[in-house]
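Working notes, structure below.
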Amino acid sequence: MKYYVMTLFPEMIEQGMNTSILGRAIESGIIELEIKNIRDYTLNKHGKVDDYPYGGGAGMVMEAEPVYRCYEAICSETGEIPPVVYLTPQGRVFEQQMAETFAKQDILVFLCGHYEGIDERVLEEIVTYYVSIGDYVLTGGELPAMVMMDAIARLVPGVLNNEDSAQTESFSDGLLEYPQYTRPSEILGRKVPEVLLSGHHTNIQKWRQEMSIQRTKENRPDLYDKWLDFCEKKRYNEV
């Protein structure tokens with residue numbers, strides 16, 4: 001899988017992506033990352049990429065031309081028209097199912113906005129997906145882009161050492177993940193649940209499922225209701 005990131009702050013992406021699991025995946029070639037500095041594609045000799053908004057108002061707006069020229073360069077490199085994800089509070093909220101869909105793509109382009117946004121005309125021309133990571137406003141799209149790339153990359157085969165991890169953690173089956181424990185078996189006056197020490201895999205699976213359901217019901221009742229609806233529809237279809 002290859003990521004392209006269109007940004008005004010390439011160093012921010014470099015520092016955030018070249019560490020830990022993602023850094024190893026990039027170093028080994030499982031994931032490719034190419035960062036495009038939008039300023040490199042402006043015709044302005046001072047590297048200016050923003051201007052005042054038509055109609056007045058506070059702040060500045062990123063110009064269409066450098067963004068479009070940057071995307072044209074990516075299309076030329078790839079020999080195709082890859083999908084563009086624009087990070088914006090106005091987009092659909094990012095979730096695990098979306099990450100799974102994006103993980104099937106060979107190439108994804110992330111467009112990071114700044115200031116008051118980007119000229120609407122270039123967005124209409126090149127953007128495939130408008131995506132938000134939550135109902136709040138950040139100073140730019142770099143952090144949301146890295147959040148998404150992290151969530152997507154860990155679903156790509158070979159990125160995680162344990163391939164089962166991505167299939168058993170929170171949201172993979174619509175529920176939150178069960179509690180996890182490691183050695184020692186007792187610490188701070190608290191013991192590991194006996195079932196996890198029993199070696200009885202069927203009972204362990206049952207306990208984990210029960211804990212996932214309980215944790216989801218208590219912490220995310222919205223997800224729990226969706227899970228109940230899914231189970232009900234599944235039972236109906238099996239009848």
Side-chain angles (χ1 to χ4, degrees), residues 1-19 22-51 53-54 60-88 90-92 94 98-133 140-159:
M1 180 171 205
K2 184 164 187 176
Y3 296 129
Y4 282 91
V5 182
M6 302 164 63
T7 174
L8 297 178
F9 299 95
E11 67 282 356
M12 189 172 179
I13 301 293
E14 290 169 358
Q15 293 170 7
M17 293 293 290
N18 289 316
T19 58
L22 289 188
R24 291 195 297 271
I26 291 170
E27 186 177 355
S28 65
I30 299 172
I31 298 292
E32 293 183 66
L33 173 65
E34 185 158 343
I35 305 167
K36 297 289 189 182
N37 190 338
I38 296 172
R39 293 187 191 278
D40 292 341
Y41 297 89
T42 180
L43 299 178
N44 185 287
K45 63 180 180 180
H46 301 296
K48 186 172 177 290
V49 295
D50 62 320
D51 211 331
Y54 278 122
M60 306 290 277
V61 176
M62 288 177 62
E63 297 171 348
E65 183 181 49
V67 173
Y68 187 71
R69 288 164 61 88
C70 182
Y71 181 63
E72 278 191 316
I74 294 172
C75 293
S76 179
E77 285 181 22
T78 61
E80 55 185 274
I81 303 175
V84 176
V85 178
Y86 176 46
L87 293 313
T88 169
Q90 300 179 33
R92 177 183 164 192
F94 184 63
M98 196 185 300
E100 292 171 2
T101 299
F102 285 150
K104 297 173 184 176
Q105 298 277 0
D106 294 326
I107 299 173
L108 271 179
V109 180
F110 293 89
L111 173 57
C112 304
H114 266 273
Y115 313 124
E116 293 303 309
I118 301 175
D119 190 308
E120 188 71 19
R121 291 167 293 185
V122 73
L123 300 179
E124 293 173 350
E125 187 69 24
I126 71 170
V127 172
T128 315
Y129 307 102
Y130 293 78
V131 183
S132 167
I133 63 166
E142 286 75 18
L143 288 173
M146 287 189 281
V147 166
M148 288 188 61
M149 287 189 284
D150 186 296
I152 297 165
R154 59 202 321 281
L155 299 172
V156 175
V159 170

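Sequential numbering from 1 along the given sequence is applied to the chain's residues. Given the structure is predicted, the values throughout are model-derived calculations rather than measurements.
- Between L43 and R69, the closest side-chain pair of non-hydrogen atoms falls below 4.5 Å.
- Checked against side-chain contact (heavy atoms from CB on, under 4.5 Å), L22 has the following partners two or more places apart in sequence or in another chain: M17, D150, A153.
- The two residues V159 and R154 make their nearest non-hydrogen contact at CG1-CA, 4.0 Å.
- Applying the side-chain contact (heavy atoms from CB on, under 4.5 Å) rule to S132 yields no partners; only residues at least two apart in sequence or on another chain are considered.
- The structure places CG of L87 at 12.0 Å from CE of M6, a figure rounded to the nearest 0.5 Å.
- Between atom CG of residue D51 and atom CD of residue E65 there is a gap of 12.0 Å, rounded to the nearest 0.5 Å.
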Tell me which donor-acceptor pairs under 3.5 Å the side chains of residues 104-117 have, and how far apart each pair is, sequence neighbours excluded?
| unit_1 | atom_1 | unit_2 | atom_2 | d |
| --- | --- | --- | --- | --- |
| H114 | ND1 | T139 | O | 3.0 |
| H114 | NE2 | E142 | OE1 | 2.8 |
| H114 | NE2 | E142 | OE2 | 3.4 |

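- Separation of atoms CD (E120) and OH (Y54) is listed at 15.5 Å; rounding is to 0.5 Å.
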Just do the side chain to side chain contact (heavy atoms under 4.5 Å, CB included) check on I31 and V156 with the steps written out, would you? CA-CA 8 Å; I31 298 292; V156 175; 4.0 Å; yes
Quick one: do M1 and I30 satisfy side chain to side chain contact (heavy atoms under 4.5 Å, CB included)? Show the steps, please. CA-CA 7 Å; M1 180 171 205; I30 299 172; over 6 Å; no
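- With sequence neighbours excluded, no residue satisfies side-chain hydrogen bond (donor to acceptor under 3.5 Å, both in side chains) with R24.
- Scanning all heavy atoms of the two residues, the minimum distance from P10 to I35 falls at CB-CG2, 3.5 Å.
- Applying the side-chain contact (heavy atoms from CB on, under 4.5 Å) test to P66 and every residue at least two apart in sequence or in another chain returns I38, T42, V49, E63.
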Can you list, pair by pair, the side-chain donor-acceptor contacts under 3.5 Å of residues 76-83, counting residues two or more places apart and other chains?
| unit_1 | atom_1 | unit_2 | atom_2 | d |
| --- | --- | --- | --- | --- |
| E77 | OE1 | Y4 | OH | 3.2 |
| E77 | OE2 | K36 | NZ | 2.3 |
| T78 | OG1 | I74 | O | 3.0 |
| T78 | OG1 | C75 | O | 3.4 |
| T78 | OG1 | E80 | N | 3.3 |
| T78 | OG1 | E80 | O | 3.3 |

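- Nearest approach of Y41 to N37, heavy atoms of both residues: CD1-O, 3.4 Å.
- Inter-residue side-chain proximity for M12 and M146 is flagged as met; some heavy-atom pair is nearer than 4.5 Å.
- Every residue was checked against the ring pair (Phe, Tyr, Trp, His ring centres under 6.0 Å) condition with F94, not counting sequence neighbours, and none meets it.
- Partners of R92 under the side-chain hydrogen bond (donor to acceptor under 3.5 Å, both in side chains) rule, at least two apart in sequence or in another chain, are E95.
- What you find for V61 and P53 is that their closest heavy atoms are CG2-CB, 3.7 Å.
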Give the intermediate values and the outcome of side chain to side chain contact (heavy atoms under 4.5 Å, CB included) for residues F102 and V85. CA-CA 10 Å; F102 285 150; V85 178; 4.2 Å; yes
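- Rounding to the nearest 0.5 Å gives a distance of 12.0 Å between CD1 of I26 and CD of E34.
- In this structure D119 satisfies the salt bridge (Lys or Arg N to Asp or Glu O under 4.0 Å) test together with R121, sequence neighbours excluded.
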Between I13 and L33, does the side chain to side chain contact (heavy atoms under 4.5 Å, CB included) criterion hold? Intermediate values first, please. CA-CA 10 Å; I13 301 293; L33 173 65; 4.3 Å; yes
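- Rounded to the nearest 0.5 angstrom, Y86 OH and I118 CD1 are separated by 4.0 Å.
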